[in-house]
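No hydrogens, no waters, no symmetry mates; every other heavy atom, side chains included, goes into these values. So that the names make sense, note that chain A is the first sequence line, chain B the second, and so on, each numbered from 1.
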Protein chains: 2
Amino acid sequence: MQRPALTVDRNSPVPLYFQLAEQLEAAIVAGTLTPGSRLENEIELADRCGLSRPTVRQAIQHLVDKGLLVRKRGVGTQVVQAQVKRPIELTSLYDDLVASQRSPRTKVLELATAPAGDEAAKNLGVPPGTPVIRLRRLRLTDSEPLALLTNHLPVDIVDLTAERLESNGLYEILRATGVNLRIANQTIGARAATTAEATLLDERRGVPLLTMTRTAFDDNGRAIEFATHVYRASRYSFTLTLVER
Amino acid sequence: MQRPALTVDRNSPVPLYFQLAEQLEAAIVAGTLTPGSRLENEIELADRCGLSRPTVRQAIQHLVDKGLLVRKRGVGTQVVQAQVKRPIELTSLYDDLVASQRSPRTKVLELATAPAGDEAAKNLGVPPGTPVIRLRRLRLTDSEPLALLTNHLPVDIVDLTAERLESNGLYEILRATGVNLRIANQTIGARAATTAEATLLDERRGVPLLTMTRTAFDDNGRAIEFATHVYRASRYSFTLTLVER
DNA sequence: AAGTGGTCTAGACCACTAG
DNA sequence: TAGTGGTCTAGACCACTTT
């Protein structure tokens, strides 16, 4: 049983449950709460923090969803033993790379408005032939090609410039414009590189590529982006953590 | 604003919030609640079902996590427009295939106890050389090879027989033995098929394969399984839905 | 100004697990 | 039997969005 120091600031605009969750997470990351160790029970935790039990439960549930804690009825709450890896999130590759300090670079290959093809139209929920923004970028890290990114967006979402796209991720630009991405459907597969792809990615024709297609929707349910990305399998893979609820 | 019929059974052992969530989900699937439509507010919903607001909120939160509903403060709760696909879950490929009615078949290629190699030992958290169960299976659907599955398990988890493995998924067997899988780390990538893999999968050497490695832990945080699977990219891909919280 | 979801409280009873 | 988390209630006040 381990009892990390916990204090909440009732004058902070940050919700109390979130303050508690952050402190517990920090204690886990710092090693103050060791993997496999048990937390105090919820009542005791509530008393010690001066919070109600439902608020404490909300904080714990947050960390259970994150895969950091495990609860068992009749037993208690334990710190997960398994090392949790960063899950696939609703973020862009650019954000991911920045987060892992990989100094990404972007080369805009195409930025144009063109009639939507059948696939893009279907995924964006617009009639075929509707003008859409078509964007193709090459993403590099440490001057090595990593991925070829193709995106389609409705024309009225955001004004994109090649310049801005070379210094910011697409999702970052969307967020700054006030677009709130809420839900996305993704498919991950593999296929052989075409000659054109191989040339751009500095590989040979036929090498395995990891593919990801994604349709992202904002909080109104409107399709904001249809993406078809291919990654060099030799330099990229997806990592995720699954939590049984 | 749409008001589906909702009733809860207070004598049922099923939690009230779950009963409500199920009925709302059923209404969404059935089309009674159409995409984009708004639900009643939480107070009204609570009154109409004879439940308290926190219980109603718990039901709604469940469906938000599932990606079926979206909540916006000051606005209301809406049915998501985007079609939600089945996410990657902590289930086996076998279960997935059965669920999609694909009549899977399994051929056990190897089932033996052998000293753990470095990678398996590291992922299972045992010293290298510790005896572990090594399992290799070929999974087919409609008599076509689909994937080559390699698993390592600690010897004392479960008694496996080739016979049982040919008629049940590994996860099903584990569940039946009382093992509760709680968390798993997965990596999805791609690479070219070796000659041996190509022969087994009825492909040619060098074709792109989709790869998945997974380490699964039970609710005590003990590593139960280390899997290395390769899929024919021409016949399989991963689908998942991301929800921004 | 009115209506919505977000947060929070202080209790209560129940189901499950362990010794 | 004692202790744990799971569920549930009936309120309260606040922050945000829309009218």
Side-chain angles (χ1 to χ4, degrees), chain A residues 1-3 6 8-22 24 37-65 68-80 178 180 182 218-220 244-245, chain B residues 1-3 8-22 24 37-65 68-80 178-180 182 218-220 244-245:
Chain A
M1 181 78 68
Q2 303 181 10
R3 291 184 181 73
L6 297 169
V8 295
D9 174 6
R10 301 194 85 99
N11 293 319
S12 162
V14 178
L16 300 176
Y17 83 88
F18 197 79
Q19 290 184 40
L20 178 54
E22 275 185 324
L24 288 173
S37 66
R38 277 206 8 231
L39 256 60
E40 303 149 81
N41 70 49
E42 299 176 347
I43 310 281
E44 199 174 322
L45 217 41
D47 282 350
R48 204 154 67 79
C49 300
L51 297 172
S52 70
R53 187 178 164 211
T55 302
V56 169
R57 278 184 62 79
Q58 195 176 357
I60 292 176
Q61 186 59 48
H62 191 77
L63 297 180
V64 169
D65 288 344
L68 292 170
L69 295 178
V70 172
R71 280 201 278 209
K72 277 186 281 186
R73 189 193 300 215
V75 178
T77 304
Q78 282 181 300
V79 179
V80 161
N180 298 311
R182 272 316 242 296
D218 71 2
D219 48 15
N220 295 312
E244 185 71 314
R245 290 165 201 275
Chain B
M1 180 79 66
Q2 304 179 10
R3 289 183 182 75
V8 295
D9 173 6
R10 303 194 83 101
N11 293 318
S12 161
V14 178
L16 300 176
Y17 84 88
F18 197 81
Q19 290 185 39
L20 178 54
E22 276 185 323
L24 289 173
S37 66
R38 276 202 15 227
L39 256 59
E40 303 149 78
N41 69 49
E42 299 177 348
I43 310 280
E44 199 175 321
L45 217 40
D47 282 350
R48 205 153 67 78
C49 299
L51 296 172
S52 69
R53 186 178 164 214
T55 302
V56 170
R57 279 183 63 78
Q58 195 176 358
I60 292 175
Q61 187 58 48
H62 190 77
L63 297 180
V64 169
D65 288 344
L68 292 170
L69 295 177
V70 172
R71 281 201 277 209
K72 276 187 282 188
R73 190 193 301 216
V75 179
T77 304
Q78 282 180 302
V79 179
V80 160
V179 175
N180 298 310
R182 274 312 245 292
D218 71 2
D219 47 16
N220 295 311
E244 186 72 315
R245 292 165 198 273

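The nearest whole Å value for the distance from the CD1 atom in B:I43 to the P atom in C:dG3 is 12 Å. Protein atom CZ of A:R38 is 10 Å distant from nucleotide atom C1' of C:dA18, rounded to whole Å.
Listed here is the closest heavy atom pair of A:T77 and A:R71: OG1-CG, 3.5 Å. Contact detail for B:R38 and B:G76: the closest heavy-atom pair is NE-CA, 4.3 Å. Taking every heavy atom of both residues into account, A:C49 and A:V8 meet most closely at O-CG2, 3.8 Å.
Among the heavy atoms of the strands lying under 4.0 Å from B:P54 is at least one base atom, whether or not backbone atoms are also near. At the heavy-atom level, B:I60 lies nowhere under 4.0 Å from the strands shown.
Residue A:T55 holds its OG1 atom at 11.5 Å from CZ of A:R53, rounded to the nearest 0.5 Å. Once rounded to the nearest 0.5 Å, the distance linking CD1 of B:I60 with CG of B:L20 reads 7.0 Å. In this structure, CZ on B:R3 lies 11.5 Å from OG on B:S37, to the nearest 0.5 angstrom. One finds the CZ atom of A:R57 at 14.5 Å from the CG atom of A:L51 (value rounded to the nearest 0.5 Å).
The outermost nucleotides of DNA chain D lying under 4.0 Å from heavy atoms of chain A, listed 5' to 3', are D:dG3 to D:dT7.
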Which dot-bracket notation, 5' to 3', represents the base pairing of DNA chain C when pairs are defined as Watson-Crick or G-U with both distances under 3.5 Å, crossing pairs as [ ], and inter-strand pairs as |? ||||||||||||||||||.

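Within the 3.5 Å criterion, the main-chain N or O of A:V14 finds a donor-acceptor partner in the side chain of A:Q19.
For A:R53 and A:L16, each mapped to the nucleotide of DNA chain C holding its nearest heavy atom, the one lying further toward the 5' end belongs to A:L16.
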